Amino acid sequence: MKKTNTGNIRRGFLFASIGSVGWGISGVCSRYLFTKYDLRADWLTAVRMLLSGLVLLLLVFRKEKIRTFTIWKNRKDAGQLLAFALFGLLMCQYMFLGAIKYSNSATATVLQSLNVIFMAVIVAIQSRTCMGIQQTLAILLALVGTFLIATKGNPTRMQLSAAGLVLGLLAAAGVVIYTLLSRPIISVWGNLSVTGLGHAHRWPRPVSGHTGVDLTGQS
């Protein structure tokens, strides 16, 4: 049992590391697309969520077959899946891309990473325990770092746009929301199925007759 737990912990760290690298790469690529082709954040969010969702569903369908979609027959789980998709995944993805568009990929990633602080506070409240010195110090350092990013040390002048700051913090909140909402249904339906269905609910469509894409590279 101990070996199994150790193996799961190692796999968890590995997946978390790969996910962090992928998230960073997606941020840099998104910034390039915003700069080069003047994409809309909502259009890019829809495209990447739809495509990633379809890939995940194809992977899980090979094993689960029709069970992949039977979650929709359970009203409670289906409702939680929709909440997870709309108020968690969509909120996080869209706000993160919006933060990139109004700031840059590095700043948006730092702000989004503040979800760790939000989660630590929520866990402490739920478990009715006080955070240790290390956790408290980490939170204070993260807040100081955010302050320096936003003001460059000058509290009378914002170096980061208000839109970039707010969207980055909302992206962090989205991570917390989808983490909390996904746990109960993932334990029943599996990670690939829930994540795939959560992503694939979006469909890219033009806004006011414009797809948001200028393939010529000209604004």
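Not measured: the values here are computed from a predicted model.
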Where S30 and L97 come nearest, the two heavy atoms and their spacing: OG-CD2, 3.2 Å

Non-hydrogen side-chain atoms of T109 and F96 separated by less than 4.5 Å: yes

Test side-chain contact (heavy atoms from CB on, under 4.5 Å) applied to E64 and S193, step by step: CA-CA 9 Å; E64 299 291 340; S193 180; 5.9 Å; no

Nearest non-hydrogen partners of T70 and W189, listed with the distance: OG1-CZ3, 3.2 Å

Heavy atoms of other groups near Y102 OH, more than 12 under 6.0 Å: no

Verdict with reasoning, I18 to L14, per side-chain contact (heavy atoms from CB on, under 4.5 Å): CA-CA 6 Å; I18 294 174; L14 176 63; 4.0 Å; yes

Spacing of CG belonging to L81 relative to NZ belonging to K76, to within rounding of 0.5 Å: 14.0 Å

Smallest separation among heavy atoms of S105 and G27, with atom names: CB-O, 3.4 Å

Q80 side chain to S182 backbone, donor-acceptor under 3.5 Å: no

Pair Q112-W23, side-chain donor/acceptor within less than 3.5 Å: yes

Non-hydrogen side-chain atoms of L86 and M91 separated by less than 4.5 Å: no

Co-membership, hydrophobic cluster, residues I122 and V116, 4.5 Å side-chain: no

side-chain contact (heavy atoms from CB on, under 4.5 Å) assessment of C29 paired with I25: CA-CA 6 Å; C29 292; I25 292 173; 4.0 Å; yes

V28 reachable from L44 in the ILVMFWY side-chain graph, under 4.5 Å edges: no

same_hphob_cluster(L160, F147) at 4.5 Å side-chain heavy-atom cutoff: no

L180 side, atom CG; Q126 side, atom CD - distance, nearest 0.5 Å: 6.5 Å

For the student: nearest non-hydrogen atoms of A108 and S103, plus distance: N-OG, 4.2 Å

Spacing of OG1 belonging to T195 relative to CD1 belonging to I185, to within rounding of 0.5 Å: 8.5 Å

F61 and F69 aromatic ring geometry - parallel, tilted or perpendicular at 30°/60° bounds: tilted

Exercise: do T45 and D42 side chains pair donor with acceptor under 3.5 Å: no

Interatomic spacing from OH in Y32 to CG in L39 - rounded to 0.5 Å: 11.0 Å

Rounded distance [0.5 Å steps], CG in L140 versus OG1 in T136: 7.0 Å

Heavy-atom pair of closest approach, residues L170 and M95: CB-CG, 3.7 Å

Same cluster (ILVMFWY, side-chain, under 4.5 Å), L58 and L192: no

Pairwise distance OG1(T179) to CE(M119) - rounded to 0.5 angstrom: 4.0 Å

Neighbour count above 12 (heavy atom, 6.0 Å) for R67 CZ: yes

Heavy-atom closest pair, residues L89 and Y178: N-CB, 3.8 Å

Flag, side chain of S187 to backbone of P184, donor-acceptor distance under 3.5 Å: yes

ILVMFWY cluster, W72 and V60 together (side-chain gap under 4.5 Å): yes

Residue F87 excluded, over 12 heavy atoms near CZ under 6.0 Å: no

Pair D38 + K101: basic N to acidic O under 4.0 Å: yes

Stepwise side-chain contact (heavy atoms from CB on, under 4.5 Å) check, R11 with F15: CA-CA 6 Å; R11 289 179 64 188; F15 290 151; 4.0 Å; yes

